[in-house]
Engineer: 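So that we are looking at the same thing, I have put the structure below in structure tokens.
Keep in mind that this is a model prediction, so the values were computed, not measured. Per chain, numbering begins at 1; letters A, B, ... match sequence-line order.
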There are 2 protein chains.
Amino acid sequence: MTQLQVSMCMMLDTFEKYAKTDGDPNSLSKSEVKTLLEKEMPEMISGAKDKKAVDDLVKALDFDGDGVVDFEEFMAVVAALTCCFRGVATKSKK
Amino acid sequence: MTQLQVSMCMMLDTFEKYAKTDGDPNSLSKSEVKTLLEKEMPEMISGAKDKKAVDDLVKALDFDGDGVVDFEEFMAVVAALTCCFRGVATKSKK
């Protein structure tokens, strides 16, 4: 597999690892999203000032408001975070 | 780094590896997009029936029509391809 294909599989695997914890294995419940963020993006969660900030973040990731985060929504978040991450990394090189 | 963070860095690295070939290192020219797809997603290109199909694909990835594919456009494509890839993988499990 190529580097890009490996990264795609890693994102797929990350989603499925947390989505299968409870309920529908094809979507992330609120608690699964929280656990995923705590484990995979600890800086994001540790930076959150309080519980409400985390709840608001989790709610924000559920774009269609159906109460869960599906794979498309997860990928949109990863894409957005990667763009933010690149923006920070590019600024620090200047 | 976590698995998700590693995959984000790999996508960043993939984009920058090809974007620096010519012109602006912060965007992919048409030829850089073609090379990236040929190297990183060979099945996608080998499946294209002719040169025009590849040109149309490259043009389609330039969402804002400014003649290049920037990082946000690249990430949108990777997210969409990963969703398609998951859809195929999920169907084949049934």
Engineer: Taking the hydrophobic residues Ile, Leu, Val, Met, Phe, Trp and Tyr, and joining any pair whose side-chain heavy atoms are under 4.5 Å apart, which ones share a cluster with A/V6?
Structural biologist: A/M1, A/M10, B/M1, B/V6, B/M10
Engineer: Can you name the residues that form a salt bridge (Lys or Arg N to Asp or Glu O under 4.0 Å) with B/D56, not counting sequence neighbours?
Structural biologist: B/K52
Engineer: Heavy atoms, side chains only, cut-off 4.5 Å: are B/S7 and A/E40 in contact?
Structural biologist: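 Answer no - side chains too far apart.
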Engineer: Find the one option among B/M8, B/M41, B/K17 whose heavy-atom pairs under 4.5 Å with chain A are most numerous.
Structural biologist: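 The residue among B/M8, B/M41, B/K17 with the greatest pair count is B/M8.
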Engineer: With a 4.5 Å cut-off on side-chain heavy atoms, are B/M75 and A/R86 touching?
Structural biologist: no
Engineer: Can you tell me if NZ on B/K39 sees more than 12 non-hydrogen neighbours from other groups inside 6.0 Å?
Structural biologist: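 No, because the 6.0 Å sphere around NZ of B/K39 holds 12 heavy atoms or fewer from other groups.
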Engineer: After noting the C-alpha distance and the side-chain angles of B/L4 and A/L36, does the key distance pass the side chain to side chain contact (heavy atoms under 4.5 Å, CB included) rule?
Structural biologist: CA-CA 10 Å; B/L4 187 57; A/L36 186 154; 4.3 Å; yes
Engineer: Sort out for me which of A/C9, A/A76, A/A79 touches chain B most, counting heavy-atom pairs under 4.5 Å.
Structural biologist: A/A79
Engineer: Are B/L12 and B/L28 joined in one hydrophobic group, where the rule is that I, L, V, M, F, W and Y side chains link up if heavy atoms are under 4.5 Å apart?
Structural biologist: yes
Engineer: Is B/F74 reachable from B/V58 through a run of hydrophobic residues whose side-chain heavy atoms are each under 4.5 Å from the next?
Structural biologist: yes
Engineer: Answer with side chain, backbone, both or neither: which region of B/L81 has an atom nearer than 4.5 Å to a non-hydrogen atom of chain A?
Structural biologist: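 For B/L81, heavy atoms of backbone and side chain both lie under 4.5 Å from chain A.
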